[in-house]
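In what follows, a structure is listed as structure tokens, so that the remarks can point back to it.
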Amino acid sequence: MIAENIARVREKIAAAARHAGRDPQDILLMAVSKTVSPEAIREAYAAGVRLFGENRVQEFQAKSSALANLSSTQWHMIGHLQSNKAAKAAELFSAVDSVDSLRLAERLNAAAQSMGKKIPILIEINIGGEAAKSGLPPDGGELEEILQAAPRLENLSIDGLMTVPPFTEDPEQSRPFFRRLCELRDAINARNLPGVSMRTLSMGMSHDFSVAIEEGSTCVRIGTAIFGERRI
Ligand SMILES: *Cc1c(COP(=O)(O)O)cnc(C)c1O
């Protein structure tokens, strides 16, 4: 079942890429395995998935020993991360795709430094300006502060932007938000800021990833369409 779901998602990724005149190889598939059992994660691994997203430090920590022998996997943190859990996250995850404050970036940088590693991060943008959602405003001061701090955040590499647009049944409604995130990424890159070079646009989930790919996504985060509806 999971293997078939993954095959179907891969076909849709390829179709959306072709439709947009893009190379399907330029789009990474991330399986979002929050709430999913290690057994189901193994099935996704057997089907060729190597990139996984989790949204809670504690949940992943509990599962990680059961998954330790899956080689060449990348585990990204994609959920809201409190600064006081930055060190734990830096230890457990290969990347943090949900950096939403300068304070968190600084904590991650310090943790990475003490571990002697460099952690790839994405800055999460609240592109729809929703009060209940995490992420930085696209036009606010804190995004600028993180970009300006990049040269001293030596143990982070700021690789791009991530967003979750306002939920709508109709994926076409997500299109303007995806487009805006892509424009924001391009505008940042055009400034040639020291230490900032953004290649990744992490956008698109189960219901709207085809539209996200048409608007430039380089990483789609898929949970439900691979593992089925989450019960919690
Ligand atoms: C849960 C989650 C996803 C996956 O959502 P689906 O609709 O199940 O594909 C993607 N991104 C983030 C940040 C999530 O929390």
Side-chain angles (χ1 to χ4, degrees), residues 1-13 16 27-37 40-41 43-44 47 49-61 63 74-82 85 89 92-101 104 108 120-136 138 159-175 177-178 181-182 185 200-232:
M1 226 269 273
I2 287 173
E4 287 157 29
N5 290 346
I6 290 168
R8 202 173 312 121
V9 167
R10 288 200 191 283
E11 276 167 32
K12 284 191 186 168
I13 290 172
I27 298 130
L28 286 170
L29 169 60
M30 172 188 284
V32 176
S33 51
K34 63 189 187 199
T35 79
V36 171
S37 70
I41 292 172
E43 281 186 58
V49 175
R50 294 293 179 271
L51 175 61
F52 294 89
E54 287 277 340
N55 72 338
R56 284 174 202 274
V57 171
Q58 267 171 331
E59 182 192 334
F60 181 58
Q61 188 170 22
K63 290 197 283 201
Q74 290 231 48
W75 298 91
H76 287 211
M77 175 62 179
I78 62 168
H80 179 65
L81 182 59
Q82 288 165 308
K85 291 191 181 147
L92 286 170
F93 291 98
S94 21
V96 178
D97 294 355
S98 47
V99 172
D100 59 1
S101 69
L104 175 58
L108 284 170
I121 66 156
L122 303 180
I123 302 173
E124 183 175 359
I125 303 294
N126 184 353
I127 200 76
E130 293 168 279
K133 227 168 230 170
S134 50
L136 291 170
D159 287 351
L161 304 177
M162 188 270 256
T163 201
V164 180
F167 179 81
T168 56
E169 293 290 335
D170 174 13
E172 276 304 322
Q173 306 273 327
S174 300
R175 190 183 294 278
F177 296 108
F178 292 146
L181 193 75
C182 189
R185 192 271 316 258
T200 303
L201 269 185
S202 174
M203 57 187 199
M205 308 179 9
S206 291
H207 67 292
D208 59 10
F209 69 88
S210 296
V211 173
I213 289 167
E214 288 168 15
E215 297 300 329
S217 174
T218 67
C219 179
V220 293
R221 308 180 308 268
I222 313 293
T224 311
I226 290 177
F227 297 110
E229 292 289 339
R230 285 178 292 274
R231 273 156 298 175
I232 29 174

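Residue numbers run from 1 in the order of the sequence given. In each ligand, atom 1 is the first atom listed, and ligand 1 is the first ligand listed. Note that the structure is a prediction, hence the values are computed from the model and not measured.
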Would you name the heavy atoms of Gly223 and Ser206 that are closest together and state the gap between them? N-OG, 3.7 Å

Ring centres under 6.0 angstrom apart (Trp75, Phe52): yes

Sequence neighbours excluded, the answer for side chain to side chain contact (heavy atoms under 4.5 Å, CB included) partners of Asn55 is Lys34, Glu59, Ile78

Residue by residue, ordered by chain and number, which ones reach under 4.0 Å of ligand 1 with a heavy atom? Val32, Lys34, Ile78, Val164, Met205, Ser206, Arg221, Ile222, Gly223, Thr224, Arg230

For Ala47, which residues count as a side chain to side chain contact (heavy atoms under 4.5 Å, CB included) partner, sequence neighbours excluded? Ala3, Ile6

Could you pull out all donor-acceptor pairs under 3.5 Å where a side-chain atom in residues 162-170 meets a protein atom, sequence neighbours excluded?
residue: Thr163; atom: OG1; partner: Ile125; partner atom: O; Å: 2.6
residue: Thr168; atom: OG1; partner: Asp170; partner atom: O; Å: 2.9
residue: Asp170; atom: OD1; partner: Glu172; partner atom: N; Å: 3.0

Under a 3.5 Å distance rule, please check whether Thr224 uses its side chain to pair with a backbone N or O of Glu229 as donor and acceptor. no

